[in-house]
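To start, the structure under review is shown below, and the notes come after it.
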Amino acid sequence: MTDAAALPGQPRGGVLSGPATPRAVNVLAPNASAMTLDGTNTWILAEPDSELAVVVDPGPLDEGHLRHVVDTAEKAGKRVALTLLTHGHPDHAEGAARFAELTGTRVRALDPALRLGDEGLAAGDVVAVGGLELRVVPTPGHTSDSLCFHLPADQAVLTGDTILGRGTTVVAHPDGRLGDYLDSLRRLRSLTVDDGVHTVLPGHGPVLEDAQGAVEFYLAHRAHRLAQVETAVEDGYRTPSQVVAHVYADVDRSLWPAAELSVRAQMDYLEEHGLI
């Protein structure tokens, strides 16, 4: 068995659902798959002495899960006062409208199409509820509307799909762009260096105890894959599917369609920079 401390980001072992930091509790959605890992992490955030909570990413449209989130908050003496979305993929956002009905909350997101209410989210925004403070960090790349939420009081960051608790994420071409994604990873690295962030609360997979190590791993992984794709094209593998079969031969074939999205994003990036 591999020691978790030796893995990228030092993933926390044990059950995924439950308290993760003094202000964050995870309720795991029942939508496990190759793409969603153990399922979507729905985060309930609140100050310990507050009656108000914020929920980030209600998850899929699963009535049992959505009600379980509400029940978990209420059992802790909290009332959900606001719903936030890291991005619009269905495994994170499809249940948001129904969750808003159950809780009577607004839904704030970067994409206007996902909002319920007049307020969106933008770079530099500070979301404050019941003494809880979340800082909005734009992190496009996985998707154009991807956001992270910095939770300063816990020295933590909620990363959605920008950084996962296990493995690496997809740059979802054409909406996702590799150049944006690399810039976003560097932005997250600055949080670990300049703002003391050490815990990653991801959208899927376990909590990571070493945020800086996770970001550095992701940057190194992207550089390695980019070099592999560049070499593959130079060696005559011209189409994204050909590159995937060559570069991602060690990856489960069920993940190749997702890998092809990332390869398309990487090939676009190489073309934009005159490298192929």
Side-chain angles (χ1 to χ4, degrees), residues 8-9 33-37 40-41 57 85-93 109-111 114 123 137-149 157-191 200 202-205 208 211 214-234 237-276:
S33 72
M35 288 298 295
T36 60
L37 304 182
T40 300
N41 294 333
D57 290 350
L85 297 176
T86 60
H87 65 297
H89 278 168
D91 56 312
H92 294 258
L110 179 61
D111 184 350
L114 299 171
V137 182
T139 50
H142 169 67
T143 61
S144 62
D145 69 330
S146 287
L147 298 171
C148 291
F149 298 103
V157 60
L158 290 87
T159 54
D161 282 355
T162 299
I163 292 180
L164 306 178
R166 184 171 68 251
T168 56
T169 198
V170 173
V171 179
H173 180 275
D175 182 48
R177 296 176 56 83
L178 181 59
D180 291 341
Y181 186 64
L182 295 174
D183 287 343
S184 293
L185 290 176
R186 297 182 189 109
R187 192 170 296 118
L188 290 174
R189 181 170 57 187
S190 74
L191 286 182
V200 172
H204 303 278
L208 300 178
V215 175
E216 296 293 356
F217 169 76
Y218 266 64
L219 285 166
H221 171 79
R222 282 296 164 201
H224 177 64
R225 283 298 194 204
L226 191 62
Q228 287 181 309
V229 170
E230 182 179 3
T231 299
V233 173
E234 290 172 350
Y237 299 91
R238 299 299 182 188
T239 69
S241 59
Q242 289 173 339
V243 173
V244 168
H246 178 67
V247 172
Y248 290 78
D250 59 335
V251 174
D252 187 329
R253 291 179 69 98
S254 68
L255 298 176
W256 281 14
E260 185 169 325
L261 296 179
S262 284
V263 165
R264 289 179 181 275
Q266 291 172 90
M267 292 176 75
D268 279 0
Y269 179 88
L270 291 169
E271 287 179 4
E272 290 165 5
H273 289 78
L275 298 173
I276 60 173

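Nothing here was measured: the structure is a model prediction, and the numbers come from that model.
- Not one N or O on the side chain of Ser144 forms a donor-acceptor pair closer than 3.5 Å with the backbone of Gly176.
- Heavy atoms only, all atoms of each residue included: Ala265 and Val171 are closest at CB-CG1, 3.5 Å.
- In this structure the side chain of Phe217 reaches within 4.5 angstrom of the side chain of Thr168, judged on heavy atoms.
- The closest donor-acceptor contact from the side chain of Asp161 to the backbone of His142 lies at 3.5 Å or more, if one exists at all.
- The heavy-atom pair separating Leu275 from Glu230 by the smallest distance is O-OE2, 3.7 Å.
- Taken to the nearest 0.5 Å, the OG1 atom of Thr86 stands 8.5 Å off from the CG atom of Leu158.
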For this session: May I have the step-by-step check of side-chain contact (heavy atoms from CB on, under 4.5 Å) for Leu147 and Val137, ending in yes or no?
Result: CA-CA 6 Å; Leu147 298 171; Val137 182; over 6 Å; no

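- Although no hydrogens or angles enter the test, the distance criterion places a donor-acceptor pair under 3.5 Å between the side chain of Arg238 and the main chain of Val233.
- The backbone N or O of Gln242 sits less than 3.5 Å from a side-chain atom of Thr239, completing a donor-acceptor pair.
- Checking side-chain atoms of Ser262 against main-chain N and O of Ala259 turns up no donor-acceptor pair under 3.5 Å.
- Between the side chains of Asp91 and Thr36, not a single donor N or O lies within less than 3.5 Å of an accepting N or O.
- Geometrically, Arg225 engages Tyr248 in a cation-pi contact defined by less than 6.0 Å to the ring centre and at most 45° from the axis.
- Within the 3.5 Å criterion, the main-chain N or O of Ala249 finds no donor-acceptor partner in the side chain of Trp256.
- Atom CZ of Arg222 sits in a crowded spot, with more than 12 heavy atoms from other residues, nucleotides or ligands closer than 6.0 Å.
- Between Leu188 and Cys148 there is a side-chain heavy-atom pair separated by less than 4.5 Å.
- Residues satisfying the ring-ring contact (aromatic ring centres under 6.0 Å, His included) test with His204, not counting sequence neighbours, are His92.
- The closest side-chain heavy-atom distance from Ser184 to Ser146 is not below 4.5 Å.
- Contact between Ala232 and Val243 at its shortest, heavy atoms only, is CB-CG1, 4.3 Å.
- Checking side-chain atoms of Arg187 against main-chain N and O of Pro138 turns up a donor-acceptor pair under 3.5 Å.
- Here the straight-line distance linking atom CD of Gln266 with atom CD of Glu271 works out to 12.5 Å at 0.5 Å rounding.
- Distance alone, capped at 3.5 Å, is enough to place a donor-acceptor pair between the Asn41 side chain and the Pro202 backbone.
- Taking CG from Leu178 and CZ from Arg264, the interatomic distance works out to 15.0 Å, rounded to the nearest 0.5 Å.
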For this session: Test Arg177 against Glu272 for side-chain contact (heavy atoms from CB on, under 4.5 Å), laying out the working first.
Result: CA-CA 11 Å; Arg177 296 176 56 83; Glu272 290 165 5; 2.8 Å; yes

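- Rounding to the nearest 0.5 angstrom, the gap separating the CG atom in Asp268 from the NE2 atom in His173 is 4.0 Å.
- Ala93 and Leu85 make their closest contact through CB-CD1, 3.8 Å (heavy atoms, listed as atom of the first residue, atom of the second, distance).
- Counting heavy atoms from C-beta on, the side chains of Tyr181 and Thr162 come closer than 4.5 Å.
- Annotation: side-chain contact (heavy atoms from CB on, under 4.5 Å) contacts of Ser190 (sequence neighbours excluded): Asp194.
- Heavy-atom minimum distance, Asp145 versus Asp111: OD2-CB, 4.0 Å.
- Summarising the geometry of Ala34 relative to Leu255, their closest heavy-atom pair is CB-CD2, 3.7 Å, with the distance given to 0.1 Å.
- The environment of CZ in Arg253 is sparse: at most 12 heavy-atom neighbours from other residues, nucleotides or ligands sit within 6.0 Å.
- Contact check for Tyr269 versus Leu182: side-chain heavy atoms found under the 4.5 Å cut-off.
- Interatomic distance, CG of Leu261 versus CG of Asp175, reported as 10.5 Å (0.5 Å rounding).
- One finds the CG atom of Leu226 at 9.0 Å from the NE2 atom of His273 (value rounded to the nearest 0.5 Å).
- One N or O on the side chain of Tyr218 and one on the backbone of Leu164 form a donor-acceptor pair closer than 3.5 Å.
- Residues Thr169 and Ile163 form no side-chain contact, since every pair of their non-hydrogen atoms from C-beta on lies 4.5 Å or further apart.
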